[in-house]
Amino acid sequence: MPGTRVRFCPAPSGWLHVGGARTALFNWLWARRTGGDFVLRIEDTDADRVSAESAEGMLEALRWLGLDWDEGPGVDGPHGPYVQSDRRLLYEQVVNLLLKADLAYDAYETPEELEAARERAAAEGRPPGYDGAHRDLSDEERHRYQREGRRPTIRLRTPDEGTVAWDDEVRGRITIDWSTIGDFVIWRADETPTYYLANTVDDLAMGITLVARGEDLLSATPRQLLLGDLLLRDRLLDDALSAASYPGRPADAGRPGWAHLPIIVGADRKKLSKRHGDVAIDAYRRAGYLPEVMVNFLALQGWSWDGVTERMTADDLADRFSFDRVGSNPAYFDTDKLRAMNGDRIKELDDGELAERLQPILADADLILVPPEPEHARLILGLAPLLRERIQILSEAVPLVAPLFREEVVHEDAAVAKHLRAPADRVLDAAAAALEELEEWDVASIHAALDGVAEQVGVGRGKAFQPVRVAVFGSAVSPPLPETLALLDRATVVARIRAARDLVHG
RNA sequence: GCCCCCGUCAUCUAGCGGCCCAGGAUACCGGCCUUUCAAGCCGGCGGCGCGGGUUCGAAUCCCGUCGGGGGUGCCA
């Protein structure tokens with residue numbers, strides 16, 4: 001029984017999005033669960049839409065999630081290289097052998113001609129697939145097209161009848177008629193391989209045992225099954241591998257199994273895309289979602305353990321994950337629940353951990369420097385227990401604590417209008433005086449002093465605390481007052497209270 | 001159009017013939033607590049798309065129907 005080898009192979013265009021991350025996660029989990037290998041392969045065959053920055057961003061996002069790979073970019077393995085643009089020679093060899101065996105042929109239609117043919121077919125109610133017009137060109141016809149300056153694509157011959165079937169790990173047996181599948185392009189006119197070719201060749205060459213990918217690739221499977229059979233049947237792949245001097249396939253390699261994961265959809269039930277809002281993993285990182293929560297939540301999109309247990313660490317998941325518990329209906333990406341889970345996780349963090357995770361977020365908001373100044377570090381640590389129960393995502397801490405890191409207080413109009421009115425003037429005067437006279441600047445003393453102010457002015461605690469809150473924070477909402485004031489220096493607090501005295505009206 | 005996939009509370013899901021007049025979580029609503037905002041605790045609302053079968057018995061099996069999605073590319 002060969003070891004499990006799974007893979008994640010993003011096309012580096014744009015950011016790693018939640019659907020891709022979920023696919024990567026399921027593969028990673030299966031590798032960890034089975035003690036197998038997780039291979040990362042960059043599929044950059046379509047030069048028009050890929051970029052190195054995108055590839056780097058995807059690796060970064062994967063690293064952030066903690067999905068480490070056993071082979072791939074930056075991690076040498078026995079079946080590299082792991083970037084398809086570095087494997088060009090291999091694909092060329094494969095195509096040549098396919099051509100020589102007459103399993104594939106050159107076709108000279110231009111994209112415009114094909115498009116026109118598709119439109120015609122649609123208008124006449126015929127299937128829009130490739131009609132095989134250039135399937136059996138004579139040498140004469142071929143030369144004529146070449147003289148016209150046409151560059152051919154190479155298409156693989158597909159059966160005209162019969163069926164193809166496979167047992168999908170998620171969906172069970174799937175059967176498709178060959179009559180619905182036309183000869184397809186494996187090599188573009190610009191001499192680059194298509195997904196069908198490169199992906200199939202590499203999965204086989206790298207000894208992948210299970211292909212787990214999005215449902216949107218379900219209908220690509222028959223073509224890859226066929227190509228794979230052809231490649232293995234007459235040792236074409238092995239010949240190409242040695243002709244191009246690539247490492248051979250693992251000794252025990254066979255054909256991979258398949259698992260098609262349900263897609264993740266937006267609120268409109270369509271495949272999740274940019275117009276649905278934040279779909280990039282990086283956006284969630286910046287907003288202050290914790291990676292372990294993203295992993296936990298993503299695992300629950302389409303998979304469940306017992307229907308009751310939801311909070312699981314990556315290790316828990318790796319212990320429990322299997323494709324037979326992956327559902328087959330699309331999941332709507334519901335960030336409400338993500339937020340809730342994130343908030344719960346934040347509550348589990350101790351002060352030091354929370355403070356540390358808060359730092360990059362506060363730095364992003366220009367509240368602190370990258371290694372924070374010592375007094376800021378102390379302040380954040382002191383704030384951590386006050387923030388813990390109040391935020392679900394880290395960035396929510398920013399408005400709550402910003403006034404504590406800034407020189408100037410910005411007083412919100414609504415807060416001033418509501419809370420800085422008589423007898424707030426008396427409250428502020430009394431508070432400034434009382435705080436100034438305190439012997440100890442600590443929570444208990446401050447609390448007692450403010451309670452004393454309430455009594456002195458003859459108002460309830462709320463009426464006493466709110467004006468002080470607005471004076472110091474500029475806002476009617478803040479972390480608990482005495483606890484927070486104790487973290488600031490007394491002079492600042494008293495000065496702010498005095499300054500707010502002028503804002504009191506009516 | 002054709003092919004394929006899917007259909008349990010608003011959302012993620014459990015359920016694989018009786019344990020379910022359907023369970024958990026999130027969201028929402030109400031109460032308690034309370035210095036703001038939260039948190040916490042307690043309670044509540046809410047679903048098997050529809051129609052036929054099969055069966056003593058169906059959310060679970062079969063057929064049909066409707067609805068949604070994916071594919072149909074020299075994208076992946």
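Order of the sequence lines fixes the chain letters, A, B, ..., with proteins taken first and strands second; residue numbering starts at 1 for each chain.
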Looking for any heavy atom pair under 4.0 Å, which part of the strands does [X] touch: base, sugar-phosphate only, or nothing?
X: A:P482; value: base
X: A:T309; value: nothing
X: A:R171; value: sugar-phosphate
X: A:K347; value: sugar-phosphate
X: A:R151; value: nothing
X: A:R155; value: sugar-phosphate
X: A:T110; value: base
X: A:P480; value: base
X: A:A189; value: base
X: A:E43; value: sugar-phosphate
X: A:F333; value: nothing
X: A:S328; value: sugar-phosphate
X: A:P330; value: sugar-phosphate
X: A:H447; value: base

According to the Watson-Crick and G-U wobble definitions, with both distances under 3.5 Å, which nucleotide is paired to [N]?
N: B:A25; result: B:U11
N: B:G1; result: B:U72
N: B:U54; result: none
N: B:G46; result: none

In whole Å, measure the gap between the [atom1] atoms of [N] and [M] for me.
N: B:A14; M: B:G7; atom1: P; result: 10 Å
N: B:A27; M: B:G47; atom1: C1'; result: 15 Å
N: B:G49; M: B:G68; atom1: P; result: 15 Å
N: B:G69; M: B:G51; atom1: C1'; result: 23 Å
N: B:A25; M: B:C42; atom1: P; result: 11 Å
N: B:C50; M: B:A58; atom1: P; result: 15 Å
N: B:G1; M: B:G24; atom1: C1'; result: 43 Å
N: B:G52; M: B:G31; atom1: C1'; result: 47 Å

In whole angstrom, what separates [X]'s [atom1] from [N]'s [atom2]?
X: A:D106; N: B:C74; atom1: CG; atom2: P; value: 16 Å
X: A:D336; N: B:C29; atom1: CG; atom2: P; value: 12 Å
X: A:Y332; N: B:C12; atom1: OH; atom2: C1'; value: 11 Å
X: A:D177; N: B:U72; atom1: CG; atom2: P; value: 18 Å
X: A:D216; N: B:G70; atom1: CG; atom2: P; value: 9 Å
X: A:I174; N: B:G71; atom1: CD1; atom2: P; value: 15 Å
X: A:D344; N: B:A27; atom1: CG; atom2: P; value: 9 Å
X: A:E215; N: B:G7; atom1: CD; atom2: C1'; value: 12 Å

Does the side chain of A:F333 come within less than 4.5 Å of A:L298's, by heavy atoms?
yes
Within the 4.5 Å heavy-atom criterion, are A:Y108 and A:E141 side-chain neighbours or not?
no
Checking salt bridge (Lys or Arg N to Asp or Glu O under 4.0 Å) for the pair A:R135/A:D160: CA distance, chi angles, key distance, verdict?
CA-CA 12 Å; A:R135 207 178 216 195; A:D160 296 325; 3.2 Å; yes
Contact list for RNA chain B against residues 292-308 of chain A - heavy-atom distance below 4.0 Å:
A:L300, A:Q301, A:G302, A:S304, A:D306, A:G307, A:V308
Go through B:U36, B:A76, B:A38 for me and flag the one nearest to the A:D46 side chain.
B:A76
Given B:A27, B:C74, B:U36, the nucleotide with the shortest approach to the side chain of A:T153
B:C74
Let's test your reading of the model: under 3.5 Å, does the base of B:C37 pair with the side chain of A:R390 as donor and acceptor?
yes
Donor-acceptor pair under 3.5 Å: do we get one between A:E310's side chain and the base of B:G24?
yes
What do the steps show when you test A:D168 against A:R173 for salt bridge (Lys or Arg N to Asp or Glu O under 4.0 Å), and what is the final call?
CA-CA 6 Å; A:D168 198 276; A:R173 189 154 189 84; over 6 Å; no
Check this one for me: any side-chain N or O of [X] less than 4.0 Å away from OP1 or OP2 of [N]?
X: A:S219; N: B:C3; value: no
X: A:R188; N: B:A76; value: yes
X: A:K337; N: B:U13; value: no
X: A:R118; N: B:U72; value: no
X: A:N329; N: B:U8; value: yes
X: A:R461; N: B:U35; value: yes

Would you kindly say whether A:T180 and A:D177 are connected by a side-chain donor-acceptor distance under 3.5 Å?
no
We want to know whether A:Y82 and A:D202 form a side-chain donor-acceptor pair, criterion being a heavy-atom distance below 3.5 angstrom.
no
Atom of A:F38, atom of A:L67 and distance for their closest heavy-atom approach
CE2-O, 4.5 Å
Can you give me the closest heavy-atom contact between A:E353 and A:L349, atom names plus distance?
OE1-CA, 3.6 Å
Does atom CH2 of A:W15 have more than 12 heavy-atom neighbours, drawn from other residues, nucleotides or ligands, at distances under 6.0 Å?
no
Taking the nucleotide of RNA chain B with the nearest heavy atom to each, does A:V477 or A:K271 sit closer to the 5' end?
A:V477
Assert: residue with more 5' nearest nucleotide on RNA chain B, out of A:P193 and A:D268, is A:D268
Would you please test A:Y196 and A:F184 for ring-ring contact (aromatic ring centres under 6.0 Å, His included) and show each step?
CA-CA 9 Å; A:Y196 296 120; A:F184 58 95; 5.0 Å; yes
Sequence neighbours left out, what passes ring pair (Phe, Tyr, Trp, His ring centres under 6.0 Å) with A:F321? Give chain and number order.
A:F26, A:W303, A:F323
Atom pair CZ/CD of A:R87 and A:E43 - distance to nearest 0.5 Å
10.0 Å
